[in-house]
S.K.: 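One structure, as structure tokens, below. Some questions next.
Computation of the quantities below employed the complete heavy-atom set of this structure, encompassing side-chain atoms and omitting hydrogens, waters and symmetry-equivalent molecules. All ligand and atom numbering here is 1-based and tracks the order in the structure. Since the structure is predicted, the reported quantities are computational estimates derived from the model, not experimental observations.
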Amino acid sequence: MNQFRLSRRPDIGDQIDVSFEFFPPKNDAMEARLWETTERLQPLSPSFVSVTYGAGGSTRERTARTVERIIRETALTPAAHLTCVDATREEADQVIRQFLDLGVSRFVALRGDPAEGVGARYTPHPGGYANAAELVEALARHGAKDISVAAYPEKHPESPDFATDIDMLKRKVDNGAKRAITQFFFDNDLYERYVERARRAGIYVPIVPGILPVHNFGQVANFAGRCGAHVPAWLAERFEGLEKDPQTHALVAAAVAAEQVLDLVERGVSDFHFYTMNRADLAFAICHMIGIRANGASEDAKPAAA
Ligand code: FAD
């Protein structure tokens, strides 16, 4: 084994930036879990934490409430996801202003999926922003400081080819996006090839891999099918037979995610975005593996809630 691997360097954690994604909780129990999760992850000093926006803008108030509480009660920097699906330009502009008034200056600008869910046919609102590129332009016009957008290492399911997909990413960046965050993926070669394609098209912003720790393989496989992410056969085999064995499932999930992230570190990746599903355990463990330590050491690192 090569002891000089990048991922084994003692200072590697200092070179890596992480961000965490949450979704707005639907009830009190979910809310309590989210705050335990933010408490657990905060000492890892993420560059930001982002809060998703439900299909068709359905969580607008809950997203705003969650972001507001992050600002009020934590030292974390929030980024608000925002979609333009099913909204007029005026409505989208109003939400942008609402977030800016709350003190939010970071956004993740998305087109969004129709209210019927991922995979349903998308039709732009006749009076709205047609796609994420137009939403980025609106955010920049309103003075948003830091705009991220989505990228798809396996191309977006609606893109007829990679050229169309990369072209849309370029439009988003040309309109002011500072970084792209990828859809989750399990094959690092696909990510690397996508980054190469983007660089060749003159896109130079960071393309941050979105890492999905597999809390529930069945759910991930189902969701992946709908959003065009490929689940390799080897991954399915690793989780085979673990449906009723949550403990082993969690251990395998940690190993799978660590393997993926460490390999990306070896390939020179220094920024990671974790889809936490509002759970701290796997994200925390993987960050630990890549040398990220809780500031203030052990007394801040409370054990994760069951
Ligand atoms: P766009 O960039 O506007 O378009 C996506 C792709 O569709 C493009 O690559 C392009 O090739 C193709 N396309 C678009 N228009 C056309 C056209 N006219 N002709 C041909 N091809 C076209 N969804 C939510 O609802 N809420 C969230 O909070 C949320 N957060 C996300 C965070 C990340 C990091 C990612 C990766 C996705 C997220 N999504 C979220 C999902 C996202 O809304 C969907 O993937 C949606 O289908 C596309 O959004 P976009 O911003 O990528 O769209």
Side-chain angles (χ1 to χ4, degrees), residues 18-24 48-60 62-64 66-67 78-87 92 95 99 104 106-125 128-139 147-185 190-191 194 197-198 201 203 205-212 223-229 271-278:
V18 296
S19 52
F20 300 116
E21 183 170 309
F22 306 128
F23 61 85
F48 64 91
V49 296
S50 75
V51 182
T52 63
Y53 201 78
S58 56
T59 66
R60 173 178 166 173
R62 276 192 282 129
T63 301
T66 306
V67 166
H81 289 221
L82 183 60
T83 66
C84 54
V85 58
D86 284 341
V95 181
F99 279 121
V104 178
R106 284 179 180 256
F107 292 86
V108 184
L110 303 140
R111 186 198 72 183
D113 288 308
E116 302 79 55
V118 182
R121 192 180 156 70
Y122 177 81
T123 321
H125 190 291
Y129 297 115
N131 50 46
E134 291 190 7
L135 185 61
V136 170
E137 194 275 325
L139 279 160
I147 307 168
S148 301
V149 291
Y152 302 87
E154 301 178 66
K155 80 178 182 57
H156 187 275
E158 287 165 45
S159 296
D161 47 46
F162 273 102
T164 315
D165 194 88
I166 296 279
D167 189 51
M168 179 59 92
L169 181 60
K170 178 121 174 52
R171 284 175 59 192
K172 296 191 273 195
V173 171
D174 288 347
N175 284 358
K178 282 209 163 56
R179 121 185 15 81
I181 301 172
T182 77
Q183 182 62 278
F184 67 87
F185 59 91
L190 295 173
Y191 165 79
Y194 184 83
R197 285 179 209 267
I203 298 168
V205 298
I207 300 176
V208 180
I211 304 296
L212 179 66
F223 185 63
R226 282 180 290 138
C227 58
D271 295 80
F272 292 92
H273 183 78
F274 290 96
Y275 296 106
T276 68
M277 308 309 288
N278 292 5

S.K.: Below 4.0 angstrom from a heavy atom of Q183, which ligand 1 atoms are there? Numbered from 1 as shown, please.
M.R.: 36 (C)

S.K.: Any heavy-atom pair between the side chains of T66 and F22 that's under 4.5 Å?
M.R.: no

S.K.: Classify the ring geometry of H273 against Y275: parallel below 30°, tilted from 30° to 60°, perpendicular beyond 60°.
M.R.: perpendicular

S.K.: Give the atom numbers and elements of ligand 1 that come within less than 4.0 Å of a heavy atom of Y275.
M.R.: 33 (C), 34 (C), 36 (C)

S.K.: Is T182 reaching over with its side chain to a backbone N or O of Y152, donor-acceptor style, under 3.5 angstrom?
M.R.: no

S.K.: Any idea which of F162, F184, Y53 brings a heavy atom closest to atom 26 (N) of ligand 1?
M.R.: Y53

S.K.: Under the 3.5 angstrom rule, does the side chain of N131 hit a backbone N or O of E134 as a donor-acceptor pair?
M.R.: yes

S.K.: Nearest non-hydrogen atom to atom 39 (N) of ligand 1 belongs to which of L110, D113, V208?
M.R.: L110

S.K.: Can you tell me how the ring of Y191 sits relative to the ring of F185, calling it parallel under 30°, perpendicular over 60° and tilted otherwise?
M.R.: parallel

S.K.: Please work out, at 4.0 Å between heavy atoms, whether the side chain, the backbone, both, or neither of K172 comes within that distance of ligand 1.
M.R.: side chain

S.K.: Which atoms of ligand 1 have any heavy atom of N131 under 4.0 Å away?
M.R.: 3 (O)

S.K.: Run the numbers for me: atoms of ligand 1, each under 4.0 Å from some heavy atom of T83, listed by number.
M.R.: 24 (C), 25 (O), 26 (N)

S.K.: With distance as the sole criterion, is a donor-acceptor pair present between the side chains of D161 and T164 under 3.5 Å?
M.R.: yes

S.K.: Consider ligand 1: state whether an atom of it lies below 4.0 angstrom from any non-hydrogen atom of Y152.
M.R.: yes

S.K.: Of the choices P114, A130, G54, A150, which has the non-hydrogen atom that lies closest to atom 35 (C) of ligand 1?
M.R.: A150

S.K.: Pair H81, T52 - check side chain to side chain donor-acceptor pair (under 3.5 Å), show working.
M.R.: CA-CA 5 Å; H81 289 221; T52 63; 5.6 Å; no

S.K.: Report the member of A80, S148, S159 with the shortest heavy-atom distance to atom 10 (C) of ligand 1.
M.R.: S159

S.K.: Should you measure from each heavy atom of G112, which atoms of ligand 1 turn up under 4.0 Å away?
M.R.: 25 (O), 43 (O), 46 (C), 47 (O), 49 (O)

S.K.: Would you say that more than 12 heavy atoms from the other residues, nucleotides or ligands in this model lie under 6.0 Å from the CZ of R62, or not?
M.R.: yes

S.K.: Under 3.5 Å, is there a donor-acceptor pair between the side chain of T83 and the main chain of L110?
M.R.: no

S.K.: Would the distance check show the side chain of N175 and the main-chain N or O of A133 forming a donor-acceptor pair, the cut-off being under 3.5 Å?
M.R.: yes

S.K.: Looking at T52, which atoms of ligand 1 are within less than 4.0 Å of one of its heavy atoms?
M.R.: 28 (O)

S.K.: With heavy-atom distances below 4.0 Å as the criterion, list the atoms of ligand 1 near D165.
M.R.: 9 (O), 11 (O)

S.K.: Under 4.0 Å from a heavy atom of A132: give me the atoms of ligand 1 that qualify, with their elements.
M.R.: 1 (P), 2 (O), 3 (O), 51 (O)

S.K.: Quick check: H156 and ligand 1, any N/O pair under 3.5 Å apart?
M.R.: yes

